[in-house]
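Shown next, in structure tokens, is the structure this report addresses.
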Amino acid sequence: KPYPFQAANARSFTGATQVVFLDFDSATDPGEVAYSTSQRNAVLAGIASNYAGFDYSFTLAQPTSGDFSTLTFNDGPVGGLADGIDFRNLDRNDNATVNINGLPDTTSSSANIVASSVFLGSHELGHIAGLRHGDSYGPLGSGIAPGLSSNYGPNYPGPKGASEFNENLMSSPASVGASIGQLLAETSFSARSAVKLAFNEQGTVTDETASFHGSIATAQALSLPTIALPNTALPDDTLFGGEFQADAEVVLGSIAVGGESDFYSFDAQEGDLFNFEVLSGVLNPDRVSFNPIDPTLTILDATGVAVDYFGSTAFNDDELETLDSIIIDLVIPEDGTFFVEVGAFSSVDTGSYELFAYRFEVVPEPVASSILMVGVAAMIARRRAA
């Protein structure tokens with residue numbers, strides 16, 4: 001680091017710059033890391049480099065006015081802690097801690113102090129921008145990290161080829177099995193993280209329509225506008241090179257009556273790569289007057305049948321760490337109109353949710369990614385023919 005962002009599209013930021021204050025003094029006790037001036041400057045430069053493709057500003061001097069978040073060093077539990085998962089970065093004053101004291105090897109040299117502080121500062125700041133540990137799976141399109149299928153409900157049926165999760169800033173040993181050594185290695189934000197960070201600044205947020213949309217016939221149409229985002233991949237990553245592109249939308253919805261489902265439609269072509277999330281429990285208590293539900297998520301074809309999902313059906317109840325729902329790396333099997341069904345696990349459950357849907361591609365497509373997607377498409381074709 002620093003490394004150059006590739007194909008840095010001209011972006012039209014729609015929100016205010018996120019200001020971040022790095023506080024190295026207020027929580028430091030005797031015996032804890034005493035960051036020198038050069039180390040403070042290096043930590044700021046490293047974190048700023050990780051966020052260089054997005055609308056962030058970092059300072060060592062506490063702002064006297066305006067909104068700003070604070071990263072407090074030498075505070076909180078070992079590693080650090082964020083105020084919460086602030087999806088869409090709605091609260092520009094939420095905070096996080098960074099604490100490298102007690103972590104293996106992190107304080108053995110000045111270089112390690114800087115490297116681990118940059119990683120953990122970027123990671124915890126990512127949480128208060130709405131990023132989650134599962135966003136570390138990379139390259140996008142390769143499914144999840146090995147050994148985690150049973151952490152999803154039902155078990156994740158897709159590929160476990162996310163070999164680059166250990167190089168991504170949102171991974172962690174506790175959640176996705178990353179090694180502690182990643183703190184000292186060269187890391188970057190995954191494409192999944194880049195989509196969310198860019199969406200925070202440019203994304204379209206739509207209210208659920210007031211008219212009935214509880215069936216395929218009455219489904220509310222998603223527009224999925226295009227957002228521009230930088231290619232955050234490192235030179236040795238599979239998706240390095242080319243231009244990241246995403247079409248994304250968030251719908252603010254609710255299950256108003258127990259047992260109902262909400263339906264949303266979208267058009268897609270064979271081979272399109274989609275990801276869907278229904279966030280609810282993870283947003284509480286970040287959202288004022290937000291009553292969470294335990295959501296379910298299904299992707300249907302025009303006949304109302306759940307789409308093939310790596311030999312299973314495109315349905316999810318629980319994602320990696322919460323009762324929220326996610327469909328990871330769904331490859332569309334044919335051209336047509338498809339439907340997202342959002343429901344609740346309990347027939348009496350009512351409350352709010354946010355549906356996040358996006359289509360992702362890299363143009364021109366890297367060779368390794370192209371090989372991966374051809375293999376996935378061939379697998380789907382074999383299963384449809386069987």
Side-chain angles (χ1 to χ4, degrees), residues 5-9 50 53-54 87 126 129-146 148-149 152 156-171 175-176 178 187-200 202-203 224 226-250 266 268-269 271-277 299 309-310 314 316 319-320 326-332 356-377 379-380:
F5 283 94
Q6 314 138 57
N9 298 335
N50 286 330
F54 309 99
F87 182 61
L131 305 186
R132 309 170 78 176
H133 294 136
D135 291 322
S136 67
Y137 298 149
L140 203 157
S142 62
I144 68 173
L148 297 177
S149 293
Y152 294 82
Y156 175 70
K160 293 83 179 173
S163 58
E164 295 169 3
F165 73 97
N166 208 33
E167 300 177 5
N168 289 321
L169 288 163
M170 295 314 299
S171 61
S175 62
V176 297
T187 50
S188 66
F189 280 119
S190 69
R192 299 181 199 278
S193 296
V195 170
K196 287 186 175 178
L197 290 171
F199 188 89
N200 290 349
Q202 310 166 50
L224 297 173
T226 298
I227 58 173
L229 59 155
N231 185 326
T232 53
L234 296 171
D236 63 343
D237 290 347
T238 306
L239 298 185
F240 184 84
E243 179 181 318
F244 283 5
Q245 293 185 356
D247 307 320
E249 187 172 4
V250 163
F266 65 97
Q269 296 181 324
D272 282 351
L273 179 65
F274 272 86
N275 282 264
F276 304 87
E277 290 186 57
I299 311 302
Y309 190 37
F310 303 104
N316 179 259
E319 59 91 41
L320 177 67
I326 191 167
I327 296 290
I328 299 170
D329 292 350
L330 173 67
V331 181
I332 298 298
F356 181 46
Y358 68 89
R359 171 175 33 218
F360 177 84
E361 64 177 326
V362 184
V363 182
E365 194 172 14
V367 173
S369 177
S370 178
I371 292 173
L372 170 68
M373 296 314 298
V374 168
V376 169
M379 179 176 66
I380 290 175

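All residue numbers refer to positions in the sequence shown, counting from 1.
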Discussion item. So Tyr152 and Leu320, do their side chains get closer than 4.5 Å, heavy atoms only?
Written reply: yes

Worksheet item: Got a sec, which residues hit salt bridge (charged side-chain N to carboxylate O under 4.0 Å, His left out) with Arg192, two or more places apart in sequence or on another chain?
Response: Asp329

Response to the item:
Scanning both residues in full, the closest heavy-atom pair of Pro146 with Phe165 reads CD-CE2, 4.2 Å

Worksheet item: Quick one: does Ile326's side chain get under 4.5 Å of Arg132's, heavy atoms only?
Response: no

Worksheet item: Any side-chain heavy-atom pair from Asn275 and Ile328 closer than 4.5 angstrom?
Response: yes

Worksheet item: Would you say the side chain of Lys196 lies within less than 4.5 Å of the side chain of Met170, judging by non-hydrogen atoms?
Response: no

Worksheet item: Which atom names give the shortest non-hydrogen contact between Phe199 and Ala248, and what distance separates them?
Response: CD1-CB, 3.8 Å

Discussion item. Test your reading of the model: is there a side-chain donor-acceptor pair from Ser171 to the backbone of Asn166, 3.5 Å cut-off?
Written reply: no

Discussion item. Is it the case that the side chain of Asn316 and the backbone of Ile327 share a donor-acceptor pair, with hydrogens and angles ignored and the cut-off at 3.5 Å?
Written reply: no

Fill in: Closest contact, heavy atoms only, Ala357 versus Phe276
CB-CD2, 3.6 Å

Discussion item. List the residues meeting side chain to side chain donor-acceptor pair (under 3.5 Å) with Ser149, not counting sequence neighbours, and say none if there are none.
Written reply: none

Fill in: For Ile227 against Leu229, the heavy-atom pair lying closest together
O-CD2, 3.6 Å

Worksheet entry | Side chain to side chain, Pro139 and Phe240, heavy atoms closer than 4.5 Å | no

Item to complete: Please report the shortest heavy-atom distance between Ala162 and Ser142, naming the atom on each side.
Response: CA-OG, 3.3 Å

Item to complete: To the nearest 0.5 angstrom, please state how far the NZ atom of Lys160 sits from the CG atom of Leu148.
Response: 10.5 Å

Fill in: For Leu273, the option from Val362, Leu140, Leu330 that meets side chain to side chain contact (heavy atoms under 4.5 Å, CB included)
Leu140

Worksheet entry | Non-neighbouring partners of Tyr358 that pass side chain to side chain donor-acceptor pair (under 3.5 Å), sequence neighbours left out | none

Worksheet item: Can you tell me how far CZ of Arg359 sits from CD of Glu249, rounded to the nearest 0.5 angstrom?
Response: 11.5 Å

Practice prompt. Measure from the side-chain N and O atoms of Thr232 to the backbone N and O of Ser188, and report whether any donor-acceptor pair falls under 3.5 Å.
Written response: no

Practice prompt. State, yes or no, whether a side-chain contact exists between Val195 and Phe244 at a heavy-atom distance under 4.5 Å.
Written response: no

Worksheet item: What residues form a side chain to side chain donor-acceptor pair (under 3.5 Å) with Glu164, not counting sequence neighbours?
Response: Thr238

Worksheet item: Under a 4.5 Å cut-off applied to non-hydrogen side-chain atoms, are Val250 and Phe87 in contact?
Response: yes

Worksheet item: How are the rings of Phe266 and Phe274 set relative to one another: parallel (under 30°), tilted (30 to 60°) or perpendicular (over 60°)?
Response: tilted

Practice prompt. Check the angle between the aromatic planes of Tyr309 and Tyr156 and answer parallel, tilted or perpendicular using the 30° and 60° thresholds.
Written response: perpendicular

Discussion item. As a quick check of understanding, evaluate side chain to side chain contact (heavy atoms under 4.5 Å, CB included) for Leu131 and Phe189, giving each step before the final call.
Written reply: CA-CA 10 Å; Leu131 305 186; Phe189 280 119; 3.7 Å; yes

Item to complete: Kindly state each residue pair satisfying salt bridge (Lys or Arg N to Asp or Glu O under 4.0 Å) with at least one member in residues 228-241, sequence neighbours excluded.
Response: none

Item to complete: Please report the shortest heavy-atom distance between Gly143 and Tyr137, naming the atom on each side.
Response: O-CB, 3.5 Å

Discussion item. Could you measure the distance from the CG atom of Leu197 to the CG atom of Asp135? Nearest 0.5 Å is fine.
Written reply: 9.0 Å

Worksheet entry | Results of side chain to side chain donor-acceptor pair (under 3.5 Å) for Ser136 - residues two or more places apart only | none

Worksheet entry | Donor-acceptor contact below 3.5 Å, side chain Asn231 vs main chain Leu239 | yes

